[in-house]
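Okay, so here's the structure we're looking at.
Below, chains carry the letters A, B, ... as their sequence lines are ordered, and counting in each starts from 1.
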Amino acid sequence: MSSCTQHMVIDILRKNSNKTVSVSKRHAKQLHAHVVKIKGISHEDNILVLSLYSNLNLLHYSTNLFNSLPSPPPPLAWSSLIKCYTSHSLLHLSFSSFNSMRSLSVPPNRHVFPSLIKASTLLKHAKLAYSLHASTVRLGLDSDLYIANALINMYAKFRSFSVNANAGNVFDDLSLRGKSEIHSVRKVFDMMRVRDVVSWNTVIAGYAQNGMFFESLDMVREMGKNGNLKPDSFTLSSILPIFAEHVDVCRGKEIHGYAVRNGFDGDVFIGSSLIDMYAKCNRLENSLCAFYLLPRKDAISWNSIIAGCVQNGEFDRGLGFFRRMLKENVRPMPISFSSVIPACAHLTALNLGKQLHGCIVRIGFDDNEFIASSLVDMYAKCGNIKMARSVFDRMEKRDMVAWTAIIMGCAMHGHALDAVSLFENMLEDGVRPCYVAFMAVLTACSHAGLVDESWRYFNSMERDFGIVPGLEHYAAVADLLGRAGRLEEAYDFISNMGVQPTGSVWSTLLAACRAHKNVELAEKVVDRLLLIDPENMGAYVLMSNIYSASRRWKDAARLRIQMRKKGLKKTPACSWIEVGKEVHTFMAGDKSHPCYDKINKALIVLLEQMEKEGYVLDTNEVLHDVDEEHKRELLHNHSERLAIAFGIISTTAGTTIRVIKNIRVCTDCHTAIKFIAKIVGREIVVRDNSRFHHFKNGSCSCGDYW
DNA sequence: GTAGGGTTAG
């Protein structure tokens with residue numbers, strides 16, 4: 001009897017809601033067997049079993065049972081089948097089934113629409129979705145609780161699609177449509193006679209995901225007042241990202257407290273939202289607590305803590321969590337890689353980055369845009385611009401981030417013309433440049449002295465793209481003017497820029513004054529600089545260097561005394577190199593390395609050969625008023641030379657040497673490294689605080705302009 | 001039959 005079957009179905013579904021899925025699955029099959037055994041083939045009962053299979057997401061059992069039904073199957077059978085297809089993301093099958101259903105003249109009932117609306121949402125197929133909405137209106141079903149909930153979700157999602165599409169491409173009509181869609185969310189919601197917690201949560205999440213934070217939080221209040229419903233774990237995980245974005249840790253903590261009081265703090269969704277919220281509020285310790293207190297961790301919990309560490313500059317920690325994730329057999333997701341690779345980029349850990357790249361290729365994630373962009377950036381930052389370019393060239397779809405990464409990469413490596421032509425290619429591709437993309441192309445211009453191009457891009461920013469130039473853009477142009485020797489022009493440009501200049505903008509001009517030996521303007525600049533940033537030690541050092549270079553020792557000494565009085569100390573110069581699996585660090589004049597004697601001997605031998613080749617020491621770099629011999633020793637012990645010499649004696653012949661320095665390479669070392677590269681027949685890559693220098697065969701990729 | 005969390009460039 002089918003009423004007996006119905007009771008058993010209900011019993012199984014109840015057990016299923018207790019998360020004992022495997023038990024229910026077994027029960028379902030037992031029930032099916034029971035039905036077959038006792039009653040032979042009863043289609044009425046089979047339809048109930050089918051709805052049970054469909055609820056348990058058992059695709060094959062559902063389709064097999066469905067195919068055994070006589071034609072035409074009743075509406076309940078169709079809606080079960082379609083639901084099953086949709087929840088397995090077989091969206092085209094959902095629609096082809098719907099079409100078959102209609103061609104057999106089976107009337108669609110209310111149960112079939114939610115799955116179809118969901119399928120059209122997942123397909124991002126707006127036309128289909130709108131026609132489904134129209135059908136429900138014609139059938140008078142559009143205020144049905146489940147259908148309306150699905151419609152609200154659909155309109156909220158379409159709004160975010162168009163918002164996101166708008167960020168990368170030029171489709172102005174989409175933003176208008178986006179507005180009407182968020183309006184439709186509210187219209188459907190307002191029209192409903194009965195709303196449940198899902199209705200409220202869907203609207204709240206929809207507003208939150210579309211950046212309508214005020215409206216979202218307002219709905220949470222309304223939910224309690226007019227809806228008489230308490231926020232649940234869905235509500236909380238929707239609104240936590242709002243406080244993450246606003247860096248509002250106080251209100252984030254309030255939500256955390258509410259979650260604890262109501263027993264939601266063990267929920268994995270809440271957990272990862274909390275980890276993320278605390279990390280974005282720079283409270284990594286709280287993120288770690290939230291992570292460790294989670295009773296069950298899923299892949300997303302791991303992703304959140306990895307991204308949290310990396311975003312807070314805890315690169316080694318982020319890498320550590322990534323390793324532990326693998327060790328605990330949690331399958332990494334594409335996001336896991338795009339979160340952890342920037343850690344390699346920041347640590348300049350090329351070998352580690354390569355290993356991760358290998359892993360990515362093996363898993364088959366190498367076509368993921370996010371991962372590819374992070375790899376482009378990582379290779380560029382680790383000094384391997386060729387690999388960066390090859391990863392970029394292999395990308396099928398390139399979004400603005402990918403373009404920006406490669407343009408910035410080329411800029412850092414002094415390939416300014418490549419950077420500029422890539423920027424033009426990006427525009428031809430219809431990708432709209434953003435704030436960062438302009439930073440990249442302007443940086444490229446400034447590294448190569450392309451004054452005219454720089455002006456052209458700078459002027460087009462606001463005029464053609466509506467991007468108001470920020471400090472970084474002004475700084476790049478000012479830097480370029482200064483280094484091109486147009487010092488007065490640069491001074492006027494900085495004095496009249498649209499934003500308040502920072503000390504560092506003036507510092508670049510000060511450096512230019514030094515390069516072009518203009519002491520008078522330097523004095524004017526340093527006054528302006530110290531007015532804004534009186535503690536800027538770089539300014540004192542530079543000005544002192546400028547005085548020294550023009551042999552005004554007394555003025556130089558006066559500044560150094562002022563520095564000492566203020567307690568300002570120069571940033572100690574430091575270089576490091578990765579040999580084998582270890583990173584070796586050298587300070588200027590550092591004799592502490594276990595191989596120091598060997599390094600020193602190598603440097604002496606090199607110096608002899610360099611001098612034979614025509615190297616002349618440039619002592620202008622040394623700011624102290626000391627005798628020539630002492631100057632020679634000071635230069636000889638610059639940290640990059642120690643690191644390079646160590647690299648030469650501890651790696652096999654022909655290996656590229658990659659050294660990183662925390663401040664700019666000095667002119668003398670720059671000349672010296674050109675000689676060294678030629679003598680030892682190796683490529684030497686040096687990254688200073690702003691760019692890469694590739695030394696090869698006696699010359700440098702920067703063309704001595706840096 | 002409907003709703004939720006985490007990514008990349010400076």
Side-chain angles (χ1 to χ4, degrees), chain A residues 51 54-55 76 79-80 82-84 86-87 109-118 121 141 144-154 156-157 195-206 208-209 232-241 244 264 267-277 279-280 298-308 310-311 333-342 345 368-378 380-381 399-409 411-412 433-440 442-443 470-473 476:
Chain A
S51 80
S54 148
N55 266 318
L76 178 61
S79 59
S80 298
I82 291 172
K83 188 241 152 199
C84 213
T86 301
S87 50
N109 67 0
R110 53 182 14 200
H111 297 288
V112 77
F113 283 104
S115 305
L116 292 168
I117 294 166
K118 186 180 180 178
T121 309
L141 295 173
D144 173 88
L145 179 63
Y146 285 80
I147 292 175
N149 285 350
L151 286 171
I152 293 170
N153 182 45
M154 181 269 284
K157 289 281 153 54
R195 304 179 189 99
D196 66 356
V197 68
V198 176
S199 325
W200 287 94
N201 281 343
T202 312
V203 175
I204 289 164
Q209 283 156 11
D232 67 0
S233 60
F234 280 78
T235 327
L236 301 190
S237 60
S238 298
I239 58 173
L240 275 170
F264 299 139
D267 181 295
V268 271
F269 284 82
I270 304 260
S272 51
S273 296
L274 282 172
I275 293 168
D276 181 56
M277 184 275 294
K280 294 220 166 84
D298 67 2
I300 295 186
S301 325
W302 286 96
N303 292 344
S304 307
I305 196 67
I306 293 167
V310 176
Q311 284 160 9
M333 298 161 65
I335 289 180
S336 322
F337 288 99
S338 49
S339 302
V340 79
I341 288 166
N368 179 291
E369 291 174 62
F370 282 100
I371 293 183
S373 297
S374 65
L375 283 172
V376 169
D377 180 60
M378 183 276 291
K381 289 212 177 99
D399 65 358
M400 193 251 307
V401 176
W403 284 101
T404 305
I406 192 65
I407 294 168
M408 190 61 94
M412 282 193 300
C434 67
Y435 190 94
V436 186
F438 274 106
M439 274 170 56
L442 290 174
T443 304
L471 185 68
E472 296 92 340
H473 308 103

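- Contact annotation: A:N153 does not reach the phosphate of B:dT2 (side-chain N/O to OP1 or OP2, under 4.0 Å).
- Taking only side-chain nitrogens and oxygens, A:Q209 comes nearer than 4.0 Å to OP1 or OP2 of B:dG5.
- The separation between A:I239 atom CD1 and B:dG4 atom P is 15 Å, rounded to whole Å.
- The side chain of A:I335 sits closest to B:dG6 out of B:dG6, B:dA3, B:dT8.
- The side chain of A:V401 sits closest to B:dA9 out of B:dA9, B:dG5, B:dA3.
- Here the nucleotide nearest the side chain of A:S301, chosen from B:dG5, B:dG4, B:dT7, is B:dG5.
- B:dT2 atom P lies 19 Å from atom CD1 of A:I204, rounded to whole Å.
- In this entry the distance linking CD1 of A:I117 with P of B:dA3 reads 10 Å, nearest Å.
- The heavy-atom pair separating A:M277 from A:L240 by the smallest distance is CG-O, 3.9 Å.
- If you check distances only, the side chain of A:S233 does reach the base of B:dG4 with a donor-acceptor pair under 3.5 Å.
- Checked against B:dG5, B:dT2, B:dG6, the side chain of A:S272 finds its nearest nucleotide in B:dG5.
- When the nucleotides B:dA9, B:dG6, B:dT8 are ranked by their closest atom to the side chain of A:V436, B:dA9 comes out on top.
- Among the atoms of the strands shown, none is found under 4.0 Å from any heavy atom of A:P334.
- Of the listed nucleotides (B:dT8, B:dG6, B:dG4), B:dG6 has the atom at the smallest distance from the side chain of A:S304.
- Rounding to whole angstrom units, NZ of residue A:K118 and P of B:dT2 are separated by 5 Å.
- One atom, CZ of A:F264, and another, C1' of B:dG5, lie 15 Å apart when rounded to the nearest Å.
- Of the possible donor and acceptor atoms, one in the side chain of A:H473 sits under 3.5 Å from a partner among the backbone N and O of A:Y435.
- Between B:dG5, B:dA3, B:dT7, one nucleotide has an atom nearer to the side chain of A:D232 than all others, and that is B:dA3.
- Under 3.5 Å, the side chains of A:S374 and A:D377 contain no donor-acceptor pair of N or O atoms.
- The interatomic distance linking A:D276 (CG) with B:dT8 (P) rounds to 10 Å, in whole Å.
- Within the 3.5 Å criterion, the main-chain N or O of A:I204 finds no donor-acceptor partner in the side chain of A:N201.
- Across every non-hydrogen atom of A:M333 and A:A299, the tightest pair is SD-CB, 3.5 Å.
- Checking B:dT2, B:dA3, B:dG6 against every side-chain atom of A:N201, the shortest atom distance belongs to B:dA3.
- Scanning atom types as modelled, one donor and one acceptor separated by under 3.5 angstrom connect the side chain of A:S237 and the base of B:dG4.
- Side-chain N or O atoms of A:S272 include none that pairs as donor or acceptor with a backbone N or O of A:S301 at under 3.5 Å.
- Residue-to-nucleotide contacts include a donor-acceptor pair under 3.5 Å from the side chain of A:S338 to the base of B:dT7.
- Look at A:K280 and you won't find any side-chain N or O under 4.0 angstrom from OP1 or OP2 of B:dG5.
- Set against B:dG4, B:dT2, B:dT8, the side chain of A:N149 has B:dT2 as its closest nucleotide.
- The side chain of A:K157 contributes an N or O atom lying less than 4.0 Å from OP1 or OP2 of B:dG4.
- Taking the six-membered ring where the residue is Trp, the centroids of A:H111 and A:Y146 are separated by 6.0 Å or more.
- Following rounding to the nearest Å, A:M277 (CE) and B:dT7 (P) show an atom-to-atom distance of 13 Å.
- One donor-acceptor pair, N or O on each side, does fall under 3.5 Å between the base of B:dG4 and the side chain of A:D267.
- Distance A:N303 CG to B:dG6 C1': 5 Å, rounded to the nearest Å.
- You'll find that the side chain of A:T404 is closest to B:dA9, out of B:dG6, B:dA9, B:dT2.
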